[in-house]
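Written out below as C-alpha cells is the structure these notes cover.
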Amino acid sequence: MNWLLIIMLLAAIYLLLAPRFAAWFYRPLLFHPEPLHNNSEAPVIEGIQGESINFTQADGHKLHAWYFEYPQTEYTVLVSHGNRGNIATHDYLAAALLKHGVSVFMYDYCGYGASSGLPDLSTITSNAESAYDYLVRERKLPPDKVILYGESLGAAVSAHLATVREAKAIIFQSGFSSLRKIAREKMPFVALYPKVFFPNPPLDAVKSFENIRIPVLVVHGLQDMLVPFHHAQAVFAAAAEPKQLVYFETGAHRDCILAETDRFNAALREFLKTIDGI
C-alpha cells in the first residue's frame with residue numbers, strides 16, 4: 001500500500017510540474033520582465049523622436065509600444081524583443097535598425113514595461129499578432145512593407161508570427177530552434193515529458209520556417225552560451241531560399257549585434273537591398 005501511495009504521489013508531482021500545466025513554476029524561469037520608468041515616455045533615438053503608443057488587444061490586455069517613424073521610408077521593422085527587461089532595455093535594437101533608414105515599432109509583451117497582464121506562450125504570441133494588426137489596420141501599413149525582427153525568445157515569436165501574418169522578410173537573431181529543445185538542454189529533467197505535455201503554441205522555429213516563404217536573415221554569436229550556435233544552424237537549414245546566415249566570432253547572446261557592429265551593419269544593409277529587389 002505504501003508503494004502505491006508513493007507511486008501515486010510521484011505521478012501527481014510529475015503531472016503538476018509538466019510544462020503544459022505548471023505555468024506558475026516555469027513563468028519566472030522563462031520570463032524576466034521589468035517595469036518601464038518615466039511614465040513610458042518614448043526617447044529620441046538616432047535623431048528620431050519616438051511615439052508612445054497604447055493599444056488594446058481582443059482579450060482586453062493593454063499593450064504599450066514605441067514607434068520610431070523614419071521620414072519617407074518604405075519599410076517598418078516590427079521588433080519582438082527577448083525575455084528580459086522591456087522596450088527601453090532593448091533600445092539598442094531600435095538604434096541599430098534606424099541607422100539603415102527604416103521605421104521601427106517595438107512593443108512590450110503582457111507583464112513587460114507598461115503592458116498589462118502576465119506573460120505566457122499564448123499571450124506573447126497573441127501580443128505579436130496584435131502589434132502587427134495595429135500597424136496594418138490602424139497605421140495603414142501594407143503587409144509587404146513590414147519586416148519582422150525577433151531577438152532571442154522574440155525570434156521564435158517572430159517566426160510564429162510569420163506563419164499567421166504576411167510580411168516582407170524576417171530577421172532571426174540569437175534565437176532557439178525550439179523551446180522544447182532549449183528547455184531540455186538547460187533543464188534536463190524536462191526530457192521526462194513527451195511533446196504532449198508541453199504548452200501551445202510550441203514556439204518551434206524549425207517547424208515554423210518549414211512554412212515560411214519570405215527572405216530570412218539568421219544572425220547569431222558563436223560565443224552565445226545561452227542559446228548555442230547549433231540552434232541557428234538548425235533554423236537556417238529549415239528556412240527556404242532566399243536566406244542568409246551571419247555569425248559573429250566574438251558575439252555572445254544579448255550583445256550579438258553589438259560585438260561586430262560594422263559586420264552586422266554590412267549584413268543588414270545587404271539583406272535590405274536583397275528584399276528591396278524582390
Side-chain angles (χ1 to χ4, degrees), residues 33 36 39-43 45 48-82 86-88 90-91 93-94 97-98 100-151 153-172 200-201 203 205 208-209 211-216 272 275-276 278:
L36 193 60
N39 197 31
S40 71
E41 185 176 331
I45 298 180
I48 306 296
Q49 174 63 62
E51 178 185 355
S52 183
I53 294 170
N54 294 285
F55 57 101
T56 304
Q57 59 180 32
D59 62 6
H61 283 123
K62 299 184 184 303
L63 302 182
H64 179 250
W66 286 345
Y67 190 23
F68 300 91
E69 194 168 6
Y70 199 96
Q72 298 178 329
T73 188
E74 187 172 9
Y75 297 112
T76 294
V77 181
L78 173 57
V79 175
S80 299
H81 63 67
N86 54 50
I87 51 178
H90 291 83
D91 59 358
L93 293 174
L97 293 165
L98 287 167
H100 294 271
V102 293
S103 295
V104 176
F105 187 90
M106 308 175 67
Y107 68 98
D108 268 327
Y109 311 116
C110 282
Y112 284 73
S115 295
S116 67
L118 288 174
D120 60 35
L121 297 189
S122 62
T123 57
I124 64 172
T125 49
S126 66
N127 296 160
E129 293 169 19
S130 296
Y132 175 98
D133 292 343
Y134 172 83
L135 283 174
V136 172
R137 296 174 185 173
E138 303 299 324
R139 305 304 286 241
K140 308 302 180 186
L141 288 178
D144 65 351
K145 301 303 180 186
V146 177
I147 299 171
L148 308 181
Y149 189 114
E151 176 207 45
L153 175 66
V157 172
S158 293
H160 162 82
L161 183 59
T163 66
V164 295
R165 297 291 190 275
E166 180 186 350
K168 183 67 174 181
I170 180 170
I171 302 171
F172 189 94
N200 283 317
L203 288 190
S208 293
F209 274 103
N211 298 297
I212 294 172
R213 294 296 181 268
I214 55 176
V216 179
L272 292 173
I275 67 172
D276 203 35
I278 294 176

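One-based numbering along the sequence shown. Scope of the values below: all heavy atoms of this structure, side chains included, with no hydrogens, waters or symmetry mates.
When side chains are defined from C-beta on, L153 counts as touching I124, because their heavy atoms get closer than 4.5 Å. Looking at I212 and F172, their side chains never come closer than 4.5 Å, going by heavy atoms from C-beta outward. Between P71 and I48 the shortest side-chain heavy-atom distance falls below 4.5 Å. Looking only at side-chain heavy atoms (C-beta outward), S52 and H64 come within less than 4.5 Å of each other. At least one side-chain heavy atom of T125 sits under 4.5 Å from a side-chain heavy atom of L203. Side-chain contact between P33 and Y109: absent, with no pair of heavy atoms (C-beta onward) separated by less than 4.5 Å. Side-chain contact check for L161 versus E129: some heavy-atom pair is nearer than 4.5 Å. For the pair C110/L63, a side-chain contact is recorded, criterion being any heavy-atom separation below 4.5 Å from C-beta on.
Atom-to-atom distance recorded for L97:CG and Y75:OH is 14.5 Å, nearest 0.5 angstrom. Atom CD1 of I53 sits about 12.5 Å away from atom CE of M106, to the nearest 0.5 Å. Put simply, CG on L98 and CD1 on I45 are 6.5 Å apart, with the number rounded to the nearest 0.5 Å. Rounding to the nearest 0.5 Å places CD1 of I275 at 3.5 Å from CD1 of I147.
The aromatic rings of H90 and H81 sit parallel to each other, their planes meeting at less than 30°, with 60° as the upper class boundary.
For the pair Q49 (side chain) and A42 (backbone), a donor-acceptor distance under 3.5 Å is present. Of the possible donor and acceptor atoms, none in the side chain of E51 sits under 3.5 Å from a partner among the backbone N and O of Y67. A side-chain donor-acceptor contact under 3.5 Å links S103 to the backbone of Y70. Under a 3.5 Å cut-off, the side chain of S158 and the backbone N or O of L148 do not form any donor-acceptor pair.
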Go through it in stages, so that I can follow the logic: the residues are Y149 and V104, the test is side chain to side chain contact (heavy atoms under 4.5 Å, CB included), and I'd like the CA-CA distance, side-chain angles, deciding distance and then a yes or no.
CA-CA 10 Å; Y149 189 114; V104 176; over 6 Å; no
Evaluate side chain to side chain contact (heavy atoms under 4.5 Å, CB included) for R139 paired with F105, printing each intermediate quantity in order.
CA-CA 11 Å; R139 305 304 286 241; F105 187 90; 5.8 Å; no
V136 and E166: side chain to side chain contact (heavy atoms under 4.5 Å, CB included), yes or no, with the steps?
CA-CA 10 Å; V136 172; E166 180 186 350; over 6 Å; no
Going through the checks in order, is the side chain to side chain contact (heavy atoms under 4.5 Å, CB included) test met by Y132 and V164?
CA-CA 11 Å; Y132 175 98; V164 295; over 6 Å; no
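Annotation: salt bridge (charged side-chain N to carboxylate O under 4.0 Å, His left out) contacts of K62 (sequence neighbours excluded): none. Scored by the side chain to side chain donor-acceptor pair (under 3.5 Å) test, T73 finds no partners at all (sequence neighbours excluded).
Contact between A167 and I214 at its shortest, heavy atoms only, is O-CG2, 3.3 Å. Between I87 and A65, the closest heavy-atom pair is CD1-C, 4.1 Å. Contact between S208 and T163 at its shortest, heavy atoms only, is O-CG2, 3.7 Å.
Using a cutoff of 4.0 Å between basic side-chain nitrogens and carboxylate oxygens, K168 and E74 are not scored as salt-bridged.
Across V79, L78, L135, a single residue satisfies side-chain contact (heavy atoms from CB on, under 4.5 Å) together with Y107, and that is L78.
Defined by atom type and a distance below 3.5 Å, a donor-acceptor pair is missing between the side-chain atoms of N127 and S130.
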